[in-house]
Amino acid sequence: MLKNISNLGDAALYCDFGDQINIETNLHVIKYFKNLQKLNLKGITNITPSYNKLIISFDLSIINYENLKKKIKNLNFKEIEKNKSKIIKIPICIDNEFSLDLNRLSKKLKIEKDKIIQSFINKEYFCYMTGFIAGMPFLGDINSNIRLERLETPRVKVPKGSVGITEQFCNIYTFESPGGWNIIGNTPIKIFDKSNEENPIKINPGDRVIFCEINKDEYFKLNE
Amino acid sequence: MNISNLMNKAYFDIIRPGIHSTLQDLGRNNQYHIGIPFSGSMDKRNYLISNKLLGNKLNECSLEFAYQGPLMKLNFGKVSAVITGNVTFNIIRKNSEIDKGICYQNFILNDGDKLDIISTNRSVYGYLSIKNGFFGEYIWNSCSVNTKAKIGSNNGEKFGVNQKVYLNENKSLSDLRKINYSNSKIEYIRVLKGTNFNFFSEEAKKTFFSNEFTVSKLTDRMGMRLEGPNIENLKETNIRSEGLIKGVIQVPADGNPIIMLSDHGTIGGYPKIAVVISADYDRLTQLTPGSKIKFKLVELSEAENLFKLYEIETENILNQIR
């Protein structure tokens, strides 16, 4: 539940839903996010959900912190319908060309590469949030036997489509970008599509994702 | 509108693109949750003044340049234009005569004239606006270029050499308008406490507010990196990733603060020591690499009052232009 609201600067509300990072806490965040989106309150310019926080940015020339906080506190939100969460299948190719950190993971975790892949694919992951770069989904939770911290020195360029894991989470690099996650494969699917202005991202907070393995031929056929 | 429909109308040929020249307006809202930041003009006041000086809509599509601007030649047209900021520029007429440019005063460019934006002085950003605006490509109600997500005008890219910059259709010139305006210097950047203020040692907080920092060369539209005394973090150097807004000052493990600017990543995992107040944002973005910066802590009510003052000032400046 919403535990506390404080200010982040003079033009944003910082809503704290507690220290626990789990699906239950995150579903509360998403519930607030979706309801606030629908309400379309005057002055709100952006709403950013994350694991256990929700940041509500507003236009300081229209409303201020105290007044918006009062409004938000008095809102009564209904539960989001459970069946609205979609299951999305994402193809992933684990060829050596793409799985940049699989050898490192295998050595560090002392698990064979095949076993790591078997542990990772065909499992349902929950999308906690989207962002950092356009459309990047933060998914979880991966099996505890393949969890590892991020690279000590982040890569300057992680290739577009890379699927990375770190700690209990995995993500997809929607653009070439700097990054420190352990890269195990690559998806040919376009996750962010600016030509679809209504619905530019494939994976939204609250959705569920399953990675399905494909070979290199299939990868190049699907390449978007 | 399709670009090919504009082929017979006025456009600029870019002979030299400058360092970072992009089309910008007031930015886009409501897309943080998919990873798209606000973007838009870094120095909002100078951007607004440029459009007002031409009688444009205040959110018309303008060209923002950083440090060195473009050298470009006008083809097939005669347009009113204006440059705002602290900028040195020349108008090179078709007959090779050179008119020294004056900021905050609109001027006319004829077919074949070149505009040479030489540099911004003791500042970073300047604005070139044209009567009726540049031809922008709109996504989520904004033409602002975001080079990271490759969205907005010019396929989300900064301008390159030999490119053409198209203008919106333009049948009339603007009356001569000018204003005396000088960009004020700022002694302090005023901030509010960040949400992880208590992660930092008492010594670190004291250091943060009593010492000068230097704006690093690694500063762009995404963020401003600072160099100076190390800010010691007692608690944790990483937090669970969460949303960011422009003006947030994060301190990563190396102890060097980073201020989020208009094209920032929407999610971050470093502790937030402070947040720059809205009233000081324009002037913050104009600080050049090498500049010294000092922070001053204020309360929320003071920040709100300072923003009201900033807005009244902006309105008064815009109202002076008729």
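By convention in this document, chain letters (A, B, ...) are assigned in the order of the sequence lines, proteins followed by strands, and residues within each chain are numbered from 1. We use all heavy atoms of the structure for the numbers below, so side chains are in, but hydrogens, waters and symmetry mates are not.
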Self-check item: Heavy-atom check, side chain of B:H33 versus side chain of A:I47, under 4.5 Å
Solution: no
Practice problem: Tell me, for B:L300 versus chain A, whether the close heavy atoms (under 4.5 Å) come from the side chain, the backbone, both or neither. | Solution: side chain
Practice problem: Mind listing the closest non-hydrogen atom pair of B:N155 and A:K194 along with its distance? | Solution: O-NZ, 4.1 Å
Exercise. Pick one of side chain, backbone, both or neither for A:E167, based on which atoms fall under 4.5 Å of a heavy atom in chain B.
Key: side chain
Practice problem: Keeping the roles fixed (side chain from A:N46, backbone from B:Q31), state whether a donor-acceptor pair exists under 3.5 Å. | Solution: yes
Quiz item: Would the number of heavy atoms belonging to other residues, nucleotides or ligands and lying under 6.0 Å from OH of B:Y270 be above 12?
Solution: no
Exercise. Between chain B and each of A:I203, A:T174, A:T48, count heavy-atom pairs under 4.5 Å; write down the option with the most.
Key: A:T48
Quiz item: Is it the case that more than 12 heavy atoms not belonging to B:K44 sit under 6.0 Å from its NZ atom?
Solution: no
Self-check item: Top contributor to chain B interface from A:S50, A:G135, A:A12 [non-hydrogen pairs under 4.5 Å]
Solution: A:S50
Quiz item: Can you say whether B:I267 sits under 4.5 Å from chain A via the side chain, the backbone, both, or neither, judging by heavy atoms?
Solution: both
Practice problem: Of all the heavy-atom pairs spanning A:F169 and B:R240, show the shortest one and how long it is. | Solution: CE1-NH1, 3.5 Å
Quiz item: Quick check: does any side chain N or O of B:K148 sit under 3.5 Å from a backbone N or O of A:I133, one acting as donor and the other as acceptor?
Solution: no
Quiz item: Looking at A:L8 and B:I245, what are the two nearest heavy atoms and their distance?
Solution: O-CD1, 3.5 Å
Quiz item: A:E197 versus B:W140: any side-chain heavy-atom pair under 4.5 Å?
Solution: yes
Quiz item: Are more than 12 heavy atoms from other residues, nucleotides or ligands located less than 6.0 Å from atom CD of A:E124?
Solution: yes
Quiz prompt | B:Y32 and A:S57, any side-chain heavy atoms less than 4.5 Å apart | solution = yes
Quiz prompt | Interface moiety of B:E242 toward chain A, non-hydrogen atoms closer than 4.5 Å | solution = both
Quiz prompt | chain A contact via B:F197 - which portion, at a heavy-atom distance below 4.5 Å | solution = neither
Self-check item: Toward chain A, the part of B:V191 with a non-hydrogen atom under 4.5 Å
Solution: neither
Practice problem: Go through the atoms of B:K308 and report whether side chain, backbone, both or neither lie under 4.5 Å from a heavy atom of chain A. | Solution: neither
Quiz item: More than 12 foreign heavy atoms under 6.0 Å from CD of B:E157: is that the case here?
Solution: yes
Quiz item: Are any non-hydrogen side-chain atoms of B:I151 and A:F192 less than 4.5 angstrom apart?
Solution: yes
Self-check item: Options B:T195, B:V276, B:I36, ranked by heavy-atom pairs under 4.5 Å with chain A, top entry
Solution: B:T195
Self-check item: A:R155, CZ atom: more than 12 neighbouring heavy atoms under 6.0 Å
Solution: yes
Quiz item: In this structure, are over 12 heavy atoms from other groups packed under 6.0 Å from A:D19 atom CG?
Solution: no
Quiz item: Given that the side chain runs from C-beta out, which part of A:Y14 has a heavy atom under 4.5 Å from chain B: side chain, backbone, both or neither?
Solution: side chain
Quiz item: Which one, A:Y51, A:F138, A:Y128, leads in non-hydrogen pairs under 4.5 Å with chain B?
Solution: A:Y51
Exercise. Hey, could you give me the CZ/CG distance between A:F132 and B:L244, rounded to the nearest 0.5 Å?
Key: 9.5 Å
Quiz item: Counting only N and O atoms by type, is there a donor-acceptor contact under 3.5 Å from the side chain of A:D10 to the main-chain atoms of B:S278?
Solution: yes
Quiz item: In terms of heavy-atom pairs under 4.5 Å, which option from A:S177, A:P200, A:P137 contacts chain B the most?
Solution: A:P200
Quiz prompt | Enclosure of B:N141 CG (heavy-atom neighbours >12, cutoff 6.0 Å) | solution = no
